[in-house]
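Since the structure is predicted, the reported quantities are computational estimates derived from the model, not experimental observations.
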Number of protein chains: 2
Amino acid sequence: MAMSMSATKLPGGLQRAAAIGRDVPCRFCQVRGKAFCGFADSGDLSLLEGVRSYREYRAGDTIVRAGARIGFVGTLVAGTALVSARTQRGSRRIAGLLFPADGFGHPEGARAAPHAIEAATDVVMCSIPHRDLQAMAVSLPRVTGRLLAAAKKEREGAQRWSAGLDTLSVRARLAHLILTVARSQNPLAGIGAFPDLSPSQGFPDRIYLPLSRGAVADYLGVSREAAARQFDRLVADGLVALEQRRQLRILDPERLRQAALGREFRGDFGDQRLPAARAHRYAGCA
Amino acid sequence: MAMSMSATKLPGGLQRAAAIGRDVPCRFCQVRGKAFCGFADSGDLSLLEGVRSYREYRAGDTIVRAGARIGFVGTLVAGTALVSARTQRGSRRIAGLLFPADGFGHPEGARAAPHAIEAATDVVMCSIPHRDLQAMAVSLPRVTGRLLAAAKKEREGAQRWSAGLDTLSVRARLAHLILTVARSQNPLAGIGAFPDLSPSQGFPDRIYLPLSRGAVADYLGVSREAAARQFDRLVADGLVALEQRRQLRILDPERLRQAALGREFRGDFGDQRLPAARAHRYAGCA
DNA sequence: CGTAGAATTGATATATATCAAGCCTAGTGG
DNA sequence: CCACTAGGCTTGATATATATCAATTCTACG
């Protein structure tokens, strides 16, 4: 499980992660104030400090296997993880994304999760055993409340359904994903009331996409090729620029937001056609 | 709100419903034993009897408006209701179906539901105010536990997402819907351990589809035309027969189940092609 | 009957799956 | 340091499911 992470080789977000050692006290934690432990009082915090442990994973590693009963609650400190499931026909569905400060697992106790957690990038995770969580008697309600809220993202798929994202075009869903990632990389996120999407709100214009194209495709529920082509179109239409494969720049936040709503209209030069339609499925029949 | 329901004119399930008057005691209730109140002890049951009231709705009526805070928990006694939401672009999404014995609303208290409940057919609903529910001190935990379970269907959309239904072909989703409806009309449902889909388990071969074509389309997330055409194909392929618009007969449960899984293969005469693909979207741009 | 809304059918457009190369990049071994 | 390689990614060509538009049929109801 131990591995040597050389900070220079790791992508974007992880360079910071590598700086976080096992010895960093909680009060200097990268995600302190954002994660569920942000409301722990000083007594509980020192308790936590004794029982939490960091674990590191490489991109592609499985952090929690589907159906496994885990004896801890996890919090991402650095990197991005995928909440994934497998179709009967073998394809992967990605129900949600976990960004730093996001948690997973149930504070109540070990409950078999229906989906797996996998590392999309190299990941540093903070793990706290259930039994030790019980010891935090005083602020437990407050803390577990936050924890439950943090772990909600584990069920993000449900939100995507109820938001009707599944009936939007792939273009719209990709735009939505990009905005989601951008929001997660907003340095002010979680501090102000609502991290908005305007640059004035600290919305970053250059973002690191912590997903492989394959992961993007599985998140959007489309083929890899379709995902790639939609990137092309967003670039061709001038909404974003690709500086590296996973490094992109948001050129036109407003139009990107419209795209994410499926509400684009022909611009002044508009010869790109309206995305007129639909979604997808998957073969992968064994 | 009061309306005269003449039993002869109402479709299938409702003929029974009309026989249920306001005066029928709980112990003779159609859904007694299936609904959340099935575990109430005799004391609580007589309490319930004093506070519950039936309400009747016509097909198309809105039972609960989206975003409304309701002061009761509802249980369907007869008919079928839709858990629906509206897209920003104006189209209707149906997140779930409520069949007799299914409940909605939160026992905790009035919480604004994000979606509306509408009557797909004529509906008889049993309503119990929150405050009266509180009075059921003794078996409250048991009852509210069941209630929460019953109300889960309100969030069915989430399950559909996590089951990966959204990436299946329309044919598969329609087959799934038909099986769901059939299961709901299984007279043994909720009595045996797992109501299976085999005729030997009381699985009905003739079912009443309690949804208009438009509702089917909105449930599947496709256009009305597409929904109609998929009905055609299921009939042409001999999986089901349409006796009336909403009255169908399941001819080949096994293949229907395969279809619902998107696992069909060419049969011996097979010239129907495999459903090779995808989902949909929606225009409806105002 | 005649009308209105629902449902179907037909024709066409198009987004995306799928198959098949080709390319780019990081890692590997000489 | 450089070819080699493998996997991820992109591009191209084609097939097809479904949206969309338009017209017709069905059904319920006056």
Checklist entry - Over how many whole Å does the gap from B:Gln230 atom CD to D:dT16 atom C1' extend? => result 12 Å
Between the protein and nucleotides 7-13 of chain C, are there any N/O to N/O pairs under 3.5 Å, and if so, what are the atom names and distances?
unit_1: C:dA7; atom_1: OP1; unit_2: B:Arg213; atom_2: N; d: 3.2
unit_1: C:dA7; atom_1: O3'; unit_2: B:Arg245; atom_2: NE; d: 3.0
unit_1: C:dT8; atom_1: OP1; unit_2: B:Arg213; atom_2: NE; d: 3.3
unit_1: C:dT8; atom_1: OP1; unit_2: B:Arg213; atom_2: NH2; d: 3.1
unit_1: C:dT8; atom_1: OP2; unit_2: B:Arg213; atom_2: NE; d: 2.9
unit_1: C:dT9; atom_1: OP2; unit_2: B:Asp232; atom_2: OD1; d: 3.2
unit_1: C:dT9; atom_1: OP2; unit_2: B:Asp232; atom_2: OD2; d: 2.5
unit_1: C:dG10; atom_1: N7; unit_2: B:Arg229; atom_2: NH1; d: 3.1
unit_1: C:dG10; atom_1: O6; unit_2: B:Arg229; atom_2: NH2; d: 3.3
unit_1: C:dA11; atom_1: N6; unit_2: B:Arg229; atom_2: NH2; d: 3.3

Next on the checklist: Let me confirm one number: the CD-OG1 distance from A:Gln185 to A:Thr80, rounded to the nearest 0.5 Å.
Outcome noted: 7.0 Å
Next on the checklist: Restricting to salt bridge (Lys or Arg N to Asp or Glu O under 4.0 Å), what partner residues turn up for B:Arg249, sequence neighbours left out?
Outcome noted: B:Asp205, B:Glu243
Next on the checklist: We want to know whether B:Ser84 and B:Glu118 form a side-chain donor-acceptor pair, criterion being a heavy-atom distance below 3.5 angstrom.
Outcome noted: yes
Item to check | Terminal helix-axis angle for the helix from C:dC1-D:dG30 to C:dG30-D:dC1, with five pairs defining each axis and rounding to 10 degrees | outcome: 30°
Next on the checklist: Between A:Thr62 and A:Arg65 (side chain of the first, backbone of the second, donor and acceptor by atom type, cut-off under 3.5 Å), is there such a pair?
Outcome noted: no
Checklist entry - Can you list the residues that meet the side chain to side chain contact (heavy atoms under 4.5 Å, CB included) rule with A:Arg160, with sequence neighbours excluded? => result A:Glu156, A:Leu165, A:Tyr219, B:Trp161
Item to check | A:Gln247 CD to C:dT25 P, straight-line distance once rounded to whole Å | outcome: 14 Å
Checklist entry - Once you round it to whole Å, what is the distance between P of C:dA15 and CG of A:Leu174? => result 16 Å
Checklist entry - Rounded to the nearest Å, what distance is computed from the CZ atom of residue A:Arg233 to the C1' atom of nucleotide C:dT14? => result 11 Å
Checklist entry - Can you name the side chain to side chain contact (heavy atoms under 4.5 Å, CB included) partners of B:Gln244, sequence neighbours left out? => result B:Gln247
Item to check | Under 3.5 Å donor-acceptor, A:Arg255 side chain and A:Asp237 backbone | outcome: yes
Checklist outcome for this item: Rounded to whole Å, the CD-P distance (A:Gln244 to C:dT25) equals 8 Å
Checklist outcome for this item: Residue set satisfying side chain to side chain contact (heavy atoms under 4.5 Å, CB included) with B:Ala158, at least two apart, ordered chain then number -> A:Ala158
